[in-house]
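For ligands, and for the atoms within them, numbers begin at 1 and follow the listed sequence. As a basis for the values below, the full set of heavy atoms in this structure was taken, side chains included, without hydrogen atoms, waters or symmetry mates. We count residues from 1, following the sequence as given.
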Amino acid sequence: MAGAASARVRSGGGKPALTLATEVAYLKGAGPAVALKLRALGLTQVRDLLFHLPSRYEDRRRILPLNTVKAGDEVLVCGRVVTAEVRNAPKRALRVVIDDGKASALLRFFHFNEVQKNTLVEGVWVRAFGTVREGMNGPEIIHPEYRVAESAAQLPPEEHLTPIYPVVAGLTQTRLRALIKQALDVAQHEPAFSFSLPGVPEPGTLSALRTLHEPDGRDLGDLLLERHPAQLRLIREELLAHQLCMRLLRKQIKNAPGARIEHVLPATASLQEKLPFALTGAQRRVIAEIAHDLDLGRPMLRLIQGDVGSGKTIVAAAAMLGCALGGMQAVLMAPTELLAEQHMRTLAGWLAPMGVDVGMLSGKLKKSEKDEAMRRAASGETRVWVGTHAVFQSEVRFKKLGLIVIDEQHRFGVGQRMALRDKGPAGVAPHQLIMSATPIPRTLAQTVYADLDVSVIDELPPGRTPVQTAALSNERRGEVLSRIGEACRAGRQAYWVCTLIEESDQLQAQAAEETYRQLREELPELHVGLVHGRLKQGDKDAQMRAFQSGATQLLVATTVIEVGVDVPNASIMIIDNAERLGLSQLHQLRGRVGRGAQASQCLLLYQPPLGEAARARLDVMRTTHDGFVIAQKDLELRGPGELLGHRQTGLIGLKIADPVRDAALIPPLQKLADDWLLKSPHEARQLIQRWVGDAERYAQV
Ligand code: ADP
Ligand code: MG
């Protein structure tokens, strides 16, 4: 692609000519060790360096007189060293006092080496950059970035703003800047950068990149607000590339033949006869939309958005049953073993009375069981399947896979969904139904799921009363305990969720075990259960079953129960350290109660003092129950990366655009993407290559 067609730039010394596709290790100053650090940042080719944009800028264009600096300011100062000494108390440090004729300031280094000690000596001049603090004897800067010279004249301020890049340990800003400069020089000669982007406002790509990497600071304010024309240009490019990519994906899947399944509505009718409840209007509407899709002979790509507890599972069950009655296979994939098992029980409960078998593909099956399951999948004997993503991605083969249902979409990326195409019978792409765990505001869905049709379940099953929610300081834990004890003795069931910010399974498990021990001690008359990610599968099952059957009254859990666990009799939810969690997660957890007829309570225990953001989140929880509203607030309070979880953002892979901040830019780009696919498919592919890479994968249209 770009590499083959590009002009050659000699880097001298007989090294290979550099192109955008050249590996970074061939750049001057990038040996294997540096290349390894760059790889950790996802930078492997020269091209990648161009798009590694500064996360912020520092202004080192003016040297401030020392008598004017104020605590808290980030400043560039310059002075002559009057004293330099290592002191051991109160803490070992190299202390360097500089003087610029107007005043003096202290530079303090807690970490320093011999070289530093030997260059920062009395009489030399130092130019230092850092944040000023108020010290005992005037201003001081701890660990400034600095340069040393014989005279002040040799230490002029910078001409440009200084870009600060995301780096990893062992890779300096200076090194990275030098590499990016080389990448810009290579790009100068690349035809891949000279094609025009019809409909996207100037400046050109390369000039925009130059502005961001080497800003002259004329529009400093705009730059810092991420509203500079150069930034807007690149944001538009990236959003356009993303829209194009999603459209091509969709087209590619939609162009493949899909199995025609005509049995969803009859399946729903016979399912309804055996159900203990009536489907809601919203559920029936969404099932009808699915039935229509499946009957078209083209693969379905549909997202079901519905609040926690809106009843997405039965909708999936109707589609799967329709598939089975039509002679095809269907599989439901869950993110965790716990959820897969619950879905297994639920589906079997609904489908067994209709004479339909449900098979399980779990990582925990014994070898012989797994072999048997694989055989039944391959022979087509069992038509309805439940499994975890992990298992599904492995070697399982289905005879006639017609439908894939993905529960809790936020853990499953576009790339992974691409791979599903190949699981169908030869030449036929399975239908895809994706159930989102968390409602997502429309503006965000437009960007993130541009390739999906969306159905919304905007109605909860009847008889649900909103969960009463209160936030309580941890100081009132004693009160909470006695209320829980009372409630459980009166026949109610409660969850006690322990949270930690750390992703570590082990620490989470420890916290839960500790709480479990305490609760058993304080409430000896209750049957208390415990589930966390580190328990053996069998133990986890036993614990969940005991809670489901009512044998345990209080279940201590980690956030493993966050998504999807369904025990209708549980009506109290206590969340420990609720201030640490984001809104979506809190909403998910609260959604575990309020599922039965009984009025439910949710107690958010927090560790005082509460920060402002945490207080705002807890307030939203106390006053709002609508998942769509909460999702919107979550965006406003936290930004999209956190809403979707880092994995998801990683999968979307946006480098510079932010679907929330840039929401207003998106609608015209959607139209532009449609135009491009008709009139400029070649440019479309080049733009995808530029921003997403791997264009070949999307190019088979
Ligand atoms: P979610 O959308 O969060 O996945 P579930 O599918 O787990 O929700 O459903 C939540 C609970 O509501 C389950 O116990 C389910 O059986 C029940 N349910 C689903 N639909 C209805 C309905 N129409 N009427 C009453 N209860 C329902
Ligand atoms: Mg669910």
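At a heavy-atom distance under 4.0 Å, only side-chain atoms of R464, from C-beta outward, approach ligand 1. Counting heavy atoms under 4.0 Å from ligand 1, residue T280 touches it through both backbone and side chain. Residue Q283 touches ligand 1 through its side chain alone, judged by heavy-atom distances below 4.0 Å.
The distance from ligand 1 to the heavy atoms of L279 drops below 4.0 Å at these ligand atoms: 23 (N). The atoms of ligand 1 that sit less than 4.0 Å from any heavy atom of T313 are 4 (O), 5 (P), 6 (O), 7 (O). Within the listing of ligand 1, atoms 3 (O) sit less than 4.0 angstrom from a heavy atom of V308.
In summary, the side chains of T499 and R580 do not present any donor paired with an acceptor at a separation below 3.5 Å, with no hydrogens or angles considered. Q272 and R284 form no side-chain donor-acceptor contact under 3.5 Å, judged by distance and modelled atom types alone.
In this structure, T624 contributes its side chain and D626 its backbone to no donor-acceptor pair below 3.5 Å. Not a single donor-acceptor pair under 3.5 Å links the side chain of Q588 to the backbone N or O of V308. Between the R383 side chain and the A324 main chain, a donor and an acceptor come within less than 3.5 Å of each other.
In R250, the CZ atom is crowded: over 12 heavy atoms of neighbouring residues, nucleotides or ligands sit closer than 6.0 Å. Within a 6.0 Å radius of CZ in R520, no more than 12 heavy atoms belonging to other residues, nucleotides or ligands are found.
With distances taken over non-hydrogen atoms, the option nearest atom 27 (C) of ligand 1 out of P461, S436, G349 is P461.
Note: an N/O pair closer than 3.5 Å links G311 and ligand 1 by distance alone. Between P568 and ligand 1, a contact under 3.5 Å exists for no N or O pair. In terms of polar-atom proximity, A278 is counted as a contact of ligand 1, with an N or O under 3.5 Å from an N or O of the ligand.
Under the side-chain hydrogen bond (donor to acceptor under 3.5 Å, both in side chains) test applied with D307, the options K312, H587, H625 reduce to a single match, H587.
G306 does not count as a contact of ligand 1, since none of its heavy atoms falls under 4.0 Å from the ligand.
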